[in-house]
Structure formats: structure tokens, C-alpha cells
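Working notes for the structure below.
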Amino acid sequence: MTWFIDHLGEVWDLGRQHAVLAGLPLLLGLLIALPLGWLARRFRWLYAPFTAGFGLLYTIPSLALFVILPLVTGRGILDPFNVIVAMTLYTVALLVRTVADGLGSVPGAVTNAATAMGYTPGKRFFAVELPLAVPVISAGLRVAAVSNVSIVSVGTVIGVQQLGLFFSDGFNRQFYDPIVVGIVACIVLALLFDAVILVVTRLLTPWLRATGARA
Amino acid sequence: MIASTWQWLTDPVNWSGPGSIPNQILTHLWYSAIALFVASLIAIPAGLAIGHTGRGRFFGVNLAAAARAIPSLGLLFLMVLWLFPKFSGSSGSAAFVVPSLIVLAVLAIPPILAGAYAGVEGVDPAARDAAKGMGMTGMQVLRRVEIPNAMPLIFSGFRSATLQVIATATLAAVVGADGLGRFLIDGQKIRDYPQMAGGSLVVAILALVVDLLLGTIQRYAVSPGLTGRRTSASRRGRSDGVSGSAESAGRSNTPLDVEISDPRRTVDSQPS
Amino acid sequence: MIVFDGVTKKYPDGTVAVHDLTLEAPTGKITVLVGPSGCGKTTSLRMVNRMIEPSSGTISLDGKDTGRMKASELRRGIGYVIQHAGLFPNRTVLDNVETVPRLVGMGKKETRDRAMQLLEQVGLGADYAKRYPSQLSGGQQQRVGVARALAADPPVMLMDEPFSAVDPVVRDQLQDEFLRLQDDLGKTIIFVTHDIDEAIKMGDQVAVMRVGGYLAQLAEPAYLLAHPVDDFVADFVGRDRGYRGLSFQAAPRLPLASERTITLGESARDVDDDWVLVVDGDNHPLGWVEPRRIDGEVTSERLHRGGTVARASGPLRAVLDAALSSPSRRGVVVDDSGALVGTVRPHEVLTAIEEAERPVVENPDNPGAPAA
């Protein structure tokens, strides 16, 4: 505990960087996954190759991705940009299917009614389908958030600035405190992300609260 | 880069002897299998119990969610630090391997647990009611009705756990254990990028092959009544105006069914 | 015989689902529990096989207190059919039907033969045996549900809204078939429904329940329609009950008038009437035509088919309907083979109704109770 208090500033700094490395890719990944997921819904034959293909990205070990990406992007190995790209890939891997399934969870009667009332496909997507898909997409996003926080810490192996550095610090010095602090900080960050997504979801889905259903 | 990776992958030197690709694949699989076995031993009975009784749901679900949030690398370092002195007497790499296995098992438990309880919970309440009403005991309902009907989701949870475990088992190399992670760690040390790329390619292919294998097993282990696959005798019936819907479980036949990407199943596995 | 004796179900939160229910379901008969949602009808049914345990009171089966039996043993001896059939999706139709016989350890061959025979009896041929439930329509699933409940030949059956989830045409069909089956089987049945028409059709006796788990009235269907015990029952039994009550009254001897008929292809020119009845070669009525509007011979397309046809041996309701629906206002009455007997006018049917006996109160203390 005293170790934690002595290193409060450091925990705060690395925590903030960790939050950016794990959080920014969530937004980027969501932005990329939305059109991809929509395509997988719109053209049914794309569903299987898209979900399987992007899911494949998830089997690439993070350790390898962190090391190899700099060669592809041409940036320095410690540049956070590489981590952001890697984490965005993982987020997309998880969210393409989520978005497709979320859009698929919108009852057919609702989309039919919207079409019958004269919505163009584009308007219908933003006014009807996307809002109704929010609960499912949000659930997938929560999983991606927790997973991202854990994976970012693997960046330790190449020395990227984030909470995982406490793990290697403690490990090298055979000293528990930094490791425990690092783990707890990661869990807290994951719960924080989770809470933010939950709150945003609640704000976006007032109709679920009205009927007492769960988000 | 691609050429040199291919060169590394096809170099005969890397295909024989200790530390060769086949050896590391076997070790990698061995670690993964043990971790998955231990995780299943804990998570499947627990998941079935939660799904069957509806009790302990809150506790189990939140515990699994918390386990998901634990950073694997941190837990690995913690475990090695804690267990290393206890293994100092024993020979070999147990001091690195056992902590790695614990970390992988912890990683595998949440998806397996979620698959098991969601599977049992998702069994048609009418079928459960009918089973009880016909005089099945609680165990008979579980064994004859709930488990067979939960199979698609049990498999789905297990398959996604397998994918994560195989990808994450590379971390074992960070603390000195064997497995395909060795190529990543050793490659990084000497800046041998083809070796790293080749190693990760092997991991990804291994994950894919194992998943396809599990998918095949699933085809035979799950009743055709659930997968929507049709027997030849029944295909005839479809044409005479019989309306019936194939269960959505057919979806789990897709080669990559990362459990995390099916939020409808994991929606409840997060703290709320 | 199933006997409810002062059975109450009260939940921990204080809601009373069933209030002091005393009721006898006689052997070999269908007893229907009917009422609005929340009246405790399903709870009552589920207490018989102890899917729900009563808070107080006893339910006995042929004199044996069900509370003293082992729940699973009790249930194996009771057929159970529920709304959505509840088939096991992982098992074939045949395996579903064989469930209970296998649970009680009946022989393999015997089980199989019986299951195949039952499938036949509920109108599903051998080709359905190897199918899975997801390949069947709702009505077919429900047939399998009935076959499955009958598989171990239980003397008692509980049916909880078994036909509610299928469309009206199929429902009618399933009801008719089940009644035919019951004629042969003579099971002791408790049947729950929220549909008063189904209750009247299926029940040998009908128990109307009201919200809060009270038994409002227990009576034979005809008696229930004629003598609702209070406003609630009257309201629940609904409109047209006078008319529907005629379903249970056999037509008395009616003053049938003989009818001039022509056959298809004949000319109607020399008929001196607004309407004339057309029959086929076997004297089976086909429809009415207006001779004024037909120049040549009578063809099938010219037939007016609006009128219904009543059997002379059938209920008064059908005769009245035939008279009311006929364009000539002459109701067509046929014999059991479908051949024309004569016609009857609405006022003649009404006179017959007025003269017919009203249902008799057999037990003045408990009006409507079936004769012991």
C-alpha cells in the first residue's frame, strides 16, 4: 500500500496512457466495424467470410503483432501508434460480428414498417436500425474493452508506456507490490470502461429503462 | 519480409530436433490442452449447476467477468514470482510451466462457464417443464434434456476459450517456458523478424486447425435436431408445406466462433 | 377419479393463486378448467402432478393422496400435454414419444411398437418418426405432444392449453380428433383453457374459475350456458349463449316440408317459385338457384351456396342456422347419409325450441352439478 502511495503519480501517468492505448482503438474499431457489420447484414453472403475472416485477426498473438507492426507501419517500435493500430485490429475482429448480429436482432417487422413509412435505407439505418442494435453492440463493446485493457499490458514486452510496465518492474526486482498494483489498476481501468459504456448505453436506450428491461 | 518468413518456415533446420517447429507445436498444444481440461473441469460443472438451479448466477457471472478483466501477463508474472520458490527443488521447467498453465486456465474459465450456463438456461422452458412433468428427476432432466440441448453453446464457449488459450499460450515463453511463443521471444531478442512472423503464423494456423477440428467434432456431438442439418429422410418432408424453423444454433458451425463476438450470449457475463 | 379437497395455493408474497378448491374430476371424463388469466386454472392443474405443491388441502388420485407419493413416480403415471408441446428439440419424433416408456423401463420392442402405433393414431405416419421437432408445424408438434403423453398409457392426463398455440382451423381439427381418440381411450382428463368455446366443446363438465382462484361454477356445458350462476359466469360465458346452448339440444321431430328439386343440367324454366333446390344424382343437396334468372340448363356456377345444411339427428343449433342462412328461408335438412329429407322454416324451428324441454336442475342444492 505504501508502495502504491509513493508511486501514485507514476500509476496515474501510465494509467492515462494505458487508457488511451486501450480506449481510442475501441472508438476507431467501432467506427470501422459499423460499415463492415452493415455490409455483412446487407449482403448475406458476406456474413460468413466477414465474421470468420475478421475473427481470424484475433488468433494472431498480440506479442507478435506488437513487434511486427512497426515493420509494416514504418514507425519506431516504441511509437504508441503501433499499439493503437494493433488494438484497433483486435477491436474490429470482435465487433464486426457483433454489429452484424446486433443489426440482425432488430425485428423484421420494425424495419419493414420503417421502409413502408418511406425511410430511405440510409435514413432507416441511422434512425431505426442502429439505435435498436445498441444493446447488442454495447455488449460486444464491453467485452472488447475488457479484453483490450488486458492485451495492451502485453506491450510491456517491447517497452511501451502503460500499466504493464509495473509487471516487468516487479518481476525483475522479485517484488510483489508493483505487480499487484499494476493488476489492480488494470482491473479498475477495465471496470471504468465498462461503466462508461453502460452509462452511454443507458442514455442511448431510454425505452429499455421504461419497460424495466436490462440493457 | 514475406519471402524471408517463407524461407524461415520452410528451412529444414527448423523442422527437426529439440526446439523445432513440430516440437514447439506439440508443447504448445500440450499446455493448451491441460489448461483447457482444468478449466473445463471447473467451469462446466459450475456452469451446468448455475444454469440448472438458477442459483449462484450472480456470483458465478460476476466472478467470471472479473476473471476476464485480469491482465494475463500480470497474473503470469505474479504466479511465477509466487510459485518459483516452491518449485526450486524440482527439476525442469515446472516453475515456469505451472504458472503459465494457471494463467491459461483462468483465461479459459469465463467463456466455458458462460457457454455452459447460457446453454442450459436457454433450453426451451416448455421442454424442461414437459421433462419434469413426465416424471424425470432433476438429474435426468439435466442429463437427457438440458445438456444435449445446451451442446451448441457449450461447444461455442469451449471453442472460443480454445482460441484465446492457443493465442495466449505464447506468453509462456516470456517467463521462459516452451511453446510457439519461443519463436516470438527468441526472434525479438535477436531482431529475427522472419522467425517472429513465421512463429505467429504457425500459432494462427494452429488455432484455426484446432477450431476446425472442434467444429467437426461438434457436428457429430450435437443432435441434428438442433443444428438445422437435415437427414435425407427429413428433407422430403420440407417440401410438403411443413413449416418449421431451423434452430439458430447452426451458426456455431462457422469456422471461427469467437465467443466474445457473440454478445447475446455474453451479455450477462459482465458486471452490471 | 381426481379429487381436490380444500386445496389452496398461497405464495410467500401473499398472493393466493387457488382458493379452497374442492372439485371432482370423474374417471373417464374430461373436466375443463376455464377462466380468465390469473384465475388459478393452470396452478390447479399443475398441483395434480405436483409441479406445484399445494399450500394446504389434498389432491387424491383414485383415493390415494398424491402428496404421499414420490413426485417423479406420480408424474410418470400421468400424461402431460402443454401449450407449446415442449418437445425435446434434440430428439427425433419417435424418441420423444418413447420418453416415458423408457423412463419406466418398458421393453425396447414393445416401446417402439407402441410409439409407432400412437403416431399413427394421432395422424402422423411412419415418415414422421425420424424427423426432428424443428421440422414440424405447430399442429404436428402438438400431435406428437399428445402421442408422447399417451405413450405409457397413463389412466390420467393433464392438458394445459394444448391447442391454444395453433391457428383456429388446425385447432378445430385437433379438438375433433382428440375427442374421437378420447371416445376410444376413456382417459380421466383435466383440461385447462381460457377459451370458453373450447371448454364447452371439449368438456364433459366445465369448471369456471374467477381471478383469485375461486371456483365460480361447475356444470355440464349445456347447463352452464343455460344457467350461469352469477354475473361473472354469465359475462364470461359470453354473448350468443342462448344460441350456442342449442348445440346441446337434439332436434325434436320437426315439421319437414318436402321440397321440389332439380338436378344439375336440368332446366329450371317451368318451376313456379323464387328459389329451387338443386341436388345431385344421390339426392344430396348442392345449392339453390333462382329460376327467373336462368334461361338454359342449371350449371354448377349458378348455384347459390350460402345456405348451411343440417342433419336431422343433429343439434337444434345446426337446424336453426340452416333455416337462417338459406336464401329461400327454407333450411335444408338431410339424413345421416347426406340425402335430402326436407326443409324447415325459421319460425317452425323457433316453435320447436319453445316446445322443447329446458334442461332440468338435477340437484337443487348444487345447481349444475352433473348427476352422480
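What you see below is based on every heavy atom in this structure, not just the backbone, and it leaves out hydrogens, waters and symmetry mates. Chain identifiers are assigned alphabetically (A, B, ...) following the order of the sequence lines, protein sequences preceding nucleic acid strands; residue numbering begins at 1 within each chain. Remember, it's a predicted structure, so these values are computed and weren't measured experimentally.
Ring planes of F54(A) and F50(A): perpendicular class, angle over 60° (limits at 30 and 60°).
Interface residue I68(A): only side-chain heavy atoms are found under 4.5 Å from chain B. Within the 4.5 angstrom heavy-atom criterion, no atom of V149(A) approaches chain B. Within the 4.5 angstrom heavy-atom criterion, only side-chain atoms of I185(B), from C-beta onward, approach chain A. For chain B, the nearby parts of A64(A) are the backbone and the side chain; heavy atoms of each come within less than 4.5 Å. With a 4.5 angstrom heavy-atom cutoff, L78(B) touches chain A via backbone and side-chain atoms both. Of the two parts of I158(A), the backbone and the side chain both hold a non-hydrogen atom closer than 4.5 Å to a non-hydrogen atom of chain B.
The side-chain heavy atoms of L171(B) and V154(A), taken from C-beta on, include a pair separated by under 4.5 Å. Side-chain contact between T73(A) and F81(A): present, with at least one pair of heavy atoms (C-beta onward) separated by less than 4.5 Å. Two residues are said to be in side-chain contact when any heavy atoms from C-beta on lie closer than 4.5 Å; F193(A) and N148(A) fail this criterion. When side chains are defined from C-beta on, M87(A) does not count as touching L21(A), because their heavy atoms never get closer than 4.5 Å. The side-chain heavy atoms of V157(A) and F66(A), taken from C-beta on, include no pair separated by under 4.5 Å.
Considering V134(A), I137(A), L141(A), V196(A) as possible partners of T201(A), the one that fulfils the side chain to side chain contact (heavy atoms under 4.5 Å, CB included) test is V134(A). For the side chain to side chain contact (heavy atoms under 4.5 Å, CB included) with V96(A), the qualifying choice from L36(A), T91(A), I32(A), L34(A) is L36(A), the only one to do so.
Interface with chain A: from residues 19-28 of chain B, no residue qualifies, criterion being any non-hydrogen pair under 4.5 Å. For a heavy-atom cut-off of 4.5 Å, chain A lies close to Q188(B), Y193(B), M196(B), A197(B), S200(B) in residues 186-200 of chain B. Identified by a heavy-atom distance below 4.5 Å to chain B, the contributing residues of residues 159-174 of chain A are F167(A), S168(A), G170(A), F171(A), Q174(A), in residue-number order.
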Practice problem: With side-chain contact (heavy atoms from CB on, under 4.5 Å) as the test, would you mind laying out the steps for D177(A) and F4(A) before giving the verdict? | Solution: CA-CA 8 Å; D177(A) 290 12; F4(A) 171 63; over 6 Å; no

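For the set L189(A), I187(A), I60(A), the count of heavy-atom pairs under 4.5 angstrom toward chain B peaks at I187(A). Between chain B and the residues C186(A), A190(A), P61(A), S62(A), the largest count of heavy-atom pairs under 4.5 Å involves P61(A). By number of non-hydrogen pairs under 4.5 angstrom with chain A, the leading residue of L184(B), I166(B), L75(B), L180(B) is L184(B).
R41(A) and E129(A) are not joined by a salt bridge, as no carboxylate oxygen comes within less than 4.0 angstrom of a charged side-chain nitrogen.
Every residue was checked against the salt bridge (charged side-chain N to carboxylate O under 4.0 Å, His left out) condition with D11(B), not counting sequence neighbours, and none meets it.
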